[in-house]
Amino acid sequence: MSVKRLIHEAKELMERVGVRDPRIEISKDPAFGEVTSTSPFELARKTSRKPIEIAEDVAGKIREITKAGDLIIADAMAAKPGFINFTVNWLKYARVILDEIREEGERYGLSDHGRGATVLIEHTSVNPNKPLHLGHGRNVIIGDTLYRLFRAMGYRTVVVNYIDDSGNQMADIHVAFKRLGYKVDPPSGERYDEYCGRVYAEVSRAIEESQDLLSLKRRILGELEDPTSASSELNKLITDRVLSFQMRTCWRLGARYDILNRESDIVSFKLWDETFTMLVRSGAVYKATEGKDAGCWMINLRDHPVLSKEDDEVLIRSDGTLTYVARDVAYAAWKTGLLEKDFTYRVWGKNPDGTEILETDLRGEVRFDRGRPEIVMTVVDVRQRRPQEVVRHALSKLTGTSSGYVHFGYEVVALSIEDARKLGFNEGEGEFVHMSGRAGLYLTVDAVLDLLKSKALQEASRRHSDWDNDKLEEVAEKIAVAALRYSMLKQDTDKMIVFDSSEASRLVGDTGPYLQYTYARACRILEKSPVRERGERVGVPELVKQERDLLRVVSYAPAVFEEVLNLMLLKRLTTYAHSLCAAFNEFYEYCPVLTAEAEVRDFRLELTKAFTQVLSNVASVMGITLLNEM
RNA sequence: GGGCCCGUAGCUCAGUGGAUAGAGCGCCGGCCUUCGGAGCCGGAGGUCACGGGUUCGACUCCCGUCGGGCCCGCCA
């Protein structure tokens with residue numbers, strides 16, 4: 001509630017003096033009061049009066065009411081072109097803020113907006129033939145943060161990871177094993193995802209130059225169509241093994257999953273058949289009889305405002321096989337709960353938080369009811385905007401509405417030219433290079449985390465000569481994850497991230513570790529406090545600027561979470577967390593706590609405690625682990 | 001050719017109709033006998049790509065131009 005309570009009170013005041021549907025917003029500068037109304041500008045348009053006159057008039061009437069002193073809002077003043085600025089009785093307001101934090105604790109700022117509605121989130125979805133690179137890392141971090149956000153706002157969540165185990169990107173690796181002397185087992189010490197990623201890059205180059213290898217690849221592709229073939233069996237083995245390592249990386253980043261959907265199962269479980277029947281019945285698809293697509297089943301895009309400018313999309317090729325988009329439509333239909341048919345599962349394993357992960361399995365006996373999700377979010381980078389729009393269009397043909405299915409697109413992560421050169425890239429002119437699995441040009445999530453971790457380890461061991469290795473490792477790992485998650489969340493999703501390892505390995509300034517450091521400082525104060533019940537409820541003394549500033553930013557949390565959810569603006573979490581910590585650090589510099597006189601000390605302790613609560617609520621949604629010491 | 005996204009301080013980016021355009025890095029100068037200097041304070045640094053328009057008010061909305069990126073396959 002907090003600042004929203006002020007807004008509410010200001011609105012009521014405006015209404016009481018006759019302003020209908022008043023506009024109240026948080027002031028951009030405390031010099032303009034705590035909240036501000038811009039309604040006089042609107043009113044001026046409807047009448048012939050000047051905004052400033054209206055503002056003065058309204059503020060005067062409000063002042064008559066606030067004079068009584070029984071509200072949090074203390075006064076209203078007209079300002080320059082036509083604003084009405086509301087000031088606050090801070091002694092009273094401080095108590096309100098702190099009481100709310102005290103009562104709501106780890107729920108402070110969050111809401112029950114979802115009220116049990118289900119949201120299904122797909123993220124990660126990396127082909128199981130390589131390790132996760134930074135682009136995948138951005139996906140996992142965005143997806144997992146969405147999961148945390150929805151959960152915090154009262155939604156039931158289902159997190160799914162699409163495992164594209166189809167033959168196409170696997171066949172290369174089969175060729176390497178069959179013909180180029182690569183062993184199925186990796187050289188000792190090499191992770192299996194790293195191994196396959198390396199093999200994949202090396203063999204793709206070889207295939208490009210050899211007709212013979214290409215025809216072998218084609219043959220293997222055919223064999224992989226048959227689930228009972230020896231190649232399919234090997235394929236299952238390889239993908240399982242790679243997946244288990246990919247999942248370790250995801251867990252390392254702090255992510256968790258409910259379901260692993262194997263792409264091959266979309267066909268095995270006849271989800272496509274049911275979807276296709278529905279598509280035919282709805283009239284959304286047709287079989288082309290002439291032209292270049294003769295013999296293919298197409299989805300009709302002619303009534304789509306944008307896609308109609310291009311050709312219709314092939315769903316079933318003339319040889320009867322399915323395109324990627326076709327399977328994606330069926331998958332989306334399943335995700336939104338449109339289909340009668342459903343998967344069965346086996347238990348694949350457990351998340352670090354102890355919850356089970358299910359994997360689709362024809363012979364599986366486990367069932368999972370995903371319900372009919374109100375929201376389905378698919379986290380995929382912007383290059384899939386068009387195919388995702390095709391999927392949306394297909395769904396809207398099936399349901400009559402397009403609501404509920406959201407493509408959460410984000411820009412890719414590229415490498416700075418400096419980093420690319422370090423990886424042996426020697427061509428081109430630009431300032432960045434796109435990562436490519438096929439070219440073997442990428443930085444893995446684990447490599448970057450290890451780099452960050454080594455920096456953090458240096459710092460931590462410099463400060464804590466008494467810590468043992470386990471302790472140092474544990475703390476450094478959490479710092480590394482915080483740094484990476486923060487940096488990925490910080491940037492607008494519409495902007496490409498050009499990753500540069502020397503810049504990214506910074507642990508100072510506007511970073512995840514800054515939050516952790518600030519939290520640790522606050523913990524020291526509470527820890528050294530002589531008061532048994534640290535941060536207990538006490539009276540509010542006269543406030544100094546730094547105390548007011550901290551209280552103010554703390555009170556914004558409910559409005560921030562609401563904004564993040566409504567606008568799906570994850571970066572707002574980082575700017576807020578940063579401003580929160582900046583305010584605390586200023587408070588820390590200018591307001592001694594432990595050495596202050598008892599009344600002030602106890603209030604500052606309560607404020608410090610409140611700060612740690614709000615910061616940990618925000619950090620928890622960001623997936624950043626705070627640290628008592630670092 | 002069609003469609004989408006981006007262009008703000010030297011660099012990396014916030015700011016999505018309101019009052020003096022903000023952070024971080026880098027640079028210059030300060031602050032540890034006081035709760036952790038992974039911090040704090042101050043300074044220099046901006047024709048918000050450019051040109052029109054809408055509005056009481058535009059970095060923000062609309063149109064155009066110029067740069068940069070992405071997408072348009074019986075690939076996934």
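All chains are named by letter (A, B, ...) in the order of the sequence lines, taking the proteins before the strands, and each is independently numbered beginning at 1.
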Q: Phosphate oxygens OP1/OP2 of B/C70: is one of them under 4.0 Å from a side-chain N or O of A/R385?
A: no
Q: Ignoring hydrogens and geometry beyond distance, is the side chain of A/R463 in donor-acceptor contact with the base of B/A38 at under 3.5 Å?
A: yes
Q: Using the C1' atoms only, state how far B/G68 lies from B/C27, rounded to an integer number of Å.
A: 29 Å
Q: Looking at A/Y324, does any N or O in its side chain come under 4.0 Å of the phosphate oxygens OP1/OP2 on B/A76?
A: no
Q: Quick one: pull up CD1 in A/I497 and CZ in A/R138 and give me the separation to the nearest 0.5 Å.
A: 3.5 Å
Q: With a 4.0 Å cut-off on heavy atoms, is A/H434 in touch with a base, just the backbone sugar-phosphate, or nothing at all?
A: sugar-phosphate
Q: Given atom CZ of A/R506 and atom C1' of B/A38, what is their separation to the nearest angstrom?
A: 11 Å
Q: Would you measure the distance from the C1' atom in B/G7 across to the matching atom in B/A14 and give it in whole Å?
A: 15 Å
Q: 5'-most contact on RNA chain B: A/D164 or A/C591, nearest heavy atom basis?
A: A/C591
Q: Under 4.0 Å, heavy atoms only, any strand: does A/Y590 hit a base, just the sugar-phosphate, or nothing?
A: sugar-phosphate
Q: Please round to the nearest 0.5 Å and tell me the distance separating atom CZ of A/R262 and atom CG of A/L243.
A: 6.5 Å
Q: Between CD of A/E477 and CG of A/L472, what distance do you get to the nearest 0.5 Å?
A: 13.0 Å
Q: What distance separates A/M630 CE from A/K478 NZ, expressed to the nearest 0.5 Å?
A: 12.0 Å
Q: Measure the CZ-CG distance between A/R485 and A/L515 for me, rounded to the nearest 0.5 Å.
A: 12.5 Å
Q: Contact class for A/Q169 (heavy atom, under 4.0 Å): base, sugar-phosphate, or nothing?
A: sugar-phosphate
Q: Does A/E586 reach a base, just sugar-phosphate, or nothing at all? Heavy atoms under 4.0 Å.
A: sugar-phosphate
Q: Choose from B/A38, B/G69, B/G36 the nucleotide whose nearest atom is closest to any side-chain atom of A/F432.
A: B/G69
Q: Pick base, sugar-phosphate or nothing for A/Q388, based on heavy-atom distances below 4.0 Å to the nucleic acid.
A: nothing
Q: May I have the distance from A/D381 (atom CG) to B/G69 (atom P), rounded to whole angstrom?
A: 17 Å
Q: Report yes if at least one side-chain N or O of A/K309 is closer than 4.0 Å to OP1 or OP2 of B/G3; otherwise report no.
A: yes
Q: Sort out for me which residue in A/L134, A/V498, A/D381 forms a side-chain contact (heavy atoms from CB on, under 4.5 Å) with A/V413.
A: A/L134
Q: Using a 4.0 Å heavy-atom cut-off to protein, can you give one letter per nucleotide of nucleotides 10-23 of chain B, 5' to 3': B if the base is in contact, S if only the sugar-phosphate is, - if neither?
A: --SSSSB-BBB--S
Q: Which whole number of Å gives the distance between the P atom of B/C63 and that of B/G3?
A: 12 Å
Q: A cation-pi test, strictly: NZ or CZ of A/R521 under 6.0 Å from the centre of the six-membered ring of A/Y588 and no more than 45 degrees from its axis. Yes or no?
A: yes
Q: Would you compute the distance between atom CZ of A/R383 and atom CD of A/E411 and round it to the nearest 0.5 angstrom?
A: 8.5 Å
Q: More than 12 non-hydrogen atoms from neighbouring residues, nucleotides or ligands closer than 6.0 Å to CD on A/E431, yes or no?
A: no
Q: Could you label the plane-to-plane angle of the A/F584 and A/F587 rings as parallel, tilted or perpendicular, counting under 30° as parallel and over 60° as perpendicular?
A: tilted
Q: Please report the distance separating the P of B/G17 from the corresponding atom of B/C62, rounded so that it comes out in whole Å.
A: 11 Å
Q: Using whole Å, report how far CG of A/N585 lies from P of B/C35.
A: 15 Å
Q: Taking CZ from A/F584 and P from B/G36, how many angstroms apart are they, rounded to a whole number?
A: 10 Å
Q: Check every strand shown and say whether A/C523 touches a base, only sugar-phosphate, or nothing at a heavy-atom separation below 4.0 Å.
A: nothing
Q: Reading RNA chain B from 5' onward, which residue's closest nucleotide shows up sooner: A/S166 or A/P513?
A: A/P513
Q: What is the distance from CZ of A/R524 to P of B/C35, rounded to the nearest Å?
A: 12 Å
Q: Of the non-hydrogen atoms in A/Y576 and A/S579, which two are nearest, and what is the gap between them?
A: O-OG, 2.8 Å
Q: Quantified in whole Å, what is the P atom distance between nucleotide B/C50 and nucleotide B/G10?
A: 13 Å
Q: Taking the six-membered ring of A/Y331, is the NZ or CZ of A/K335 close enough (under 6.0 Å from the centre) and on axis enough (within 45°)?
A: yes
Q: Take A/H174 and A/N235, measure what side chain to side chain contact (heavy atoms under 4.5 Å, CB included) needs, and give me the verdict at the end.
A: CA-CA 8 Å; A/H174 287 254; A/N235 199 60; 2.9 Å; yes
Q: Contact class for A/A294 vs. all strands (heavy atom < 4.0 Å): base, sugar-phosphate, or nothing?
A: base
Q: Any donor-acceptor pair under 3.5 Å between the side chain of A/T323 and the base of B/C74?
A: no
Q: Syn or anti for B/C32, please, going by whether the chi angle lies within 90° of 0.
A: syn
Q: In this structure, how many angstroms lie between the P atom of B/C75 and the CG atom of A/L322, rounded?
A: 12 Å
Q: For atom CG of A/N566, decide whether the heavy atoms of other residues, nucleotides or ligands shown that lie under 6.0 angstrom number more than 12.
A: yes
Q: Return the residues of residues 592-603 of chain A meeting this criterion: a heavy atom under 4.0 Å from some atom of RNA chain B. Order them by number, or give none.
A: A/P592, A/V593, A/L594
Q: Is any N or O donor-acceptor pair between the side chain of A/R521 and the base of B/G36 shorter than 3.5 Å?
A: no
Q: What is the distance, to the nearest angstrom, from the CD1 atom on A/I525 to the P atom on B/G39?
A: 16 Å
Q: On a whole-Å scale, what distance lies between the P atoms belonging to B/G51 and B/U47?
A: 12 Å
Q: Rounded to whole angstrom units, what separation is found between the CG atom of A/L507 and the P atom of B/G24?
A: 16 Å
Q: Would you write out the dot-bracket form of RNA chain B, 5' to 3', with Watson-Crick and G-U pairs under 3.5 Å, [ ] for crossing pairs, | for pairs to other strands and . for unpaired bases?
A: (((((((..((((....[...)))).(((((.......))))).....(((((..]....))))))))))))....
Q: Rounded to whole angstrom, note down the C1' distance from B/G57 over to B/U12.
A: 31 Å
Q: Can you figure out which of B/A38, B/C75, B/G2 approaches the side chain of A/R317 most closely?
A: B/C75
Q: OP1, OP2 of B/C32 versus side-chain N and O of A/Y588: anything below 4.0 Å?
A: no
Q: Distance check, P atoms only: B/G43 and B/A21, in whole angstrom units.
A: 15 Å
Q: Here's one to test your reading of the geometry: is the NZ or CZ of A/R23 within 45 degrees of the ring axis of A/F83 and under 6.0 Å from its centre?
A: no
